[in-house]
There are 2 protein chains.
Amino acid sequence: MTVTTGGRSTRGGDAGARIAEQLRGRILRGEVPPGTRIRQEDVAAQFGASRVPVREALRILEHDGLVTLVANTGAWVSRLTLAECDEIYQMRERLEPLLLRLSAPHLTEADLDDLQRLAERMSETSDVDEFLELDRAFHLGAYRGATTTQLGELVVKLWNTTQPYRRAYSRSMGADAARIVHDEHHLIVADLRDGDVDDAERVLAGHIRRTRRRLSRHPELFEALQA
Amino acid sequence: MTVTTGGRSTRGGDAGARIAEQLRGRILRGEVPPGTRIRQEDVAAQFGASRVPVREALRILEHDGLVTLVANTGAWVSRLTLAECDEIYQMRERLEPLLLRLSAPHLTEADLDDLQRLAERMSETSDVDEFLELDRAFHLGAYRGATTTQLGELVVKLWNTTQPYRRAYSRSMGADAARIVHDEHHLIVADLRDGDVDDAERVLAGHIRRTRRRLSRHPELFEALQA
DNA sequence: CTAGACCCGATTGCATCCAATCGGAACCCT
DNA sequence: AGGGTTCCGATTGGATGCAATCGGGTCTAG
């Protein structure tokens, strides 16, 4: 499993995929908040293309869950309700332990060292954007050993769609909550070193469940973005 | 969760979605086997449309996992390797019990009666196509109570992509294997009636796992379709 | 003054036309 | 004769232009 921003590998000559990739990046970096309208002509002008590949890009992003299309009306950056976000976290809670199980046997010592370093850097930073990036790199890095085709992509998609809310939540996260997160990260690395996949699965499931519970206590994050 | 063939609801004025819906039906009914090439112009002529909406339809089906696109080359009905199919079943094994858990509390007595009838009809039929249809109706029917947005669609997608192989496998399924399948179906209904969601989850997970194990003993189903 | 219908601008959806790319076949060279 | 190369047809990809649809503003009637 090799992932960068999480999109398909850009196929040569396919402008739609290239445009989708760019737009995806903007959304994930938070430059375009949920609810923002996306006009085809604007995007086309920006990329020096016609509206045809733009529509293909929007279709791609729709199925990535990042954009919502309404026929004859337009496209918007997707918004999640608290219930939908909760649902996605429940899916992650079941799927990511499986993905970790499939990955664990193929992780090298170097991979584990990388994970450890990421976990440590995460404990030290106070910058939200850096934290988000490291967190993503840590978790997806733990899945590097998996040779899956569907599951890996799906997990990335689930991370992507919830990214704006994870960002908003991270800003208001207290030091105590952060401490637990870091401890869990280190626990997972320790389990992987010990070859205790069962416990790694358990810790990871708990890690995701805990985050889900905390998120659901902040409904204002979802209402605030409904502007 | 309300599902018919599993596609998005056809939006008025969106030819791409309508065409996708039709093509999806053909693939799922087995009229177009995996590996078949799909030429844009053929489809366009068949639907009396231009190639533009056809390309949109293909893009939709690509993300449904039913069609594989290669830039500047063409589109084919997707093929799965045994490993990919196994992976999808592992995903189902984790996701469907969750979906059942979310659905169970909202199932009415009438829903349960429907499930029971489906399970019984399934025990009686010997026609493969009817069995497939009933099996699908049973499982997806059990999820009718869930109000999920993402999970339900995903499960339908996983069913759809593995449909051709389930069909091929069903043809060669012995009476003993069928008996176990039917018993598990009835067990699930009984658990749902008892309100024992935990056990229903377990039986369902085992049901899917068993099918996965049996499928993986028939690699010829995947090679045979590589023609 | 408010509720409803109408109309028009803005935007999306689709068809047609042209350009770019790939696969295959014939050809040439070794 | 076999392998590599070059050309060409078939097919996909993208741009332009026109038709269809939706939302907002205005005008009218109650």
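These numbers were taken from a predicted model, which means no experiment stands behind them. Throughout, protein chains are lettered first and strands after them, A, B, ... in sequence-line order, and every chain is numbered starting at 1. Reckoned from all heavy atoms, side chains included, excluding hydrogens, waters and symmetry mates.
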Could you check how far [atom1] of [X] sits from [atom2] of [N], rounded to whole Å?
X	N	atom1	atom2	result
B:Arg37	C:dG23	CZ	C1'	9 Å
A:Asn72	D:dC22	CG	P	5 Å
B:Leu58	D:dG13	CG	C1'	13 Å
A:Arg18	C:dA20	CZ	P	14 Å
A:Glu56	C:dT12	CD	P	16 Å
A:Glu41	D:dG14	CD	P	18 Å
A:Asp42	C:dT12	CG	P	8 Å
A:Leu69	C:dT11	CG	C1'	14 Å

I want to check one thing: is the phosphate of [N], taken as OP1 and OP2, less than 4.0 Å away from some side-chain N or O of [X]?
X	N	result
B:Arg55	D:dG14	yes
A:Arg51	C:dG13	no
A:Gln40	C:dG13	yes

Has B:Glu133 got more than 12 heavy atoms of other residues, nucleotides or ligands less than 6.0 Å from its CD?
no
Residues B:Lys157, B:Asp64: salt bridge by 4.0 Å N-O rule:
no
Determine, for B:Glu93 against B:Arg213, whether the closest basic-nitrogen to carboxylate-oxygen distance falls under 4.0 angstrom.
no
Shortest non-hydrogen separation from A:Leu215 to A:Tyr165 and the atoms involved:
CD2-O, 4.4 Å
Closest nucleotide among C:dG13, C:dG23, C:dT11 to the A:Ala71 side chain
C:dG13
Which of these nucleotides, C:dC22, C:dC14, D:dA15, is closest to any side-chain atom of B:Thr73?
C:dC22
First encountered from the 5' end of DNA chain D, between B:Ala75 and A:Ser50:
B:Ala75
Note: for A:Ala49 and B:Ile38 on DNA chain D, the residue whose nearest nucleotide lies more 5' is B:Ile38
A:Arg166 to A:Tyr169, cation-pi by 6.0 Å centre distance and 45° axis angle:
no
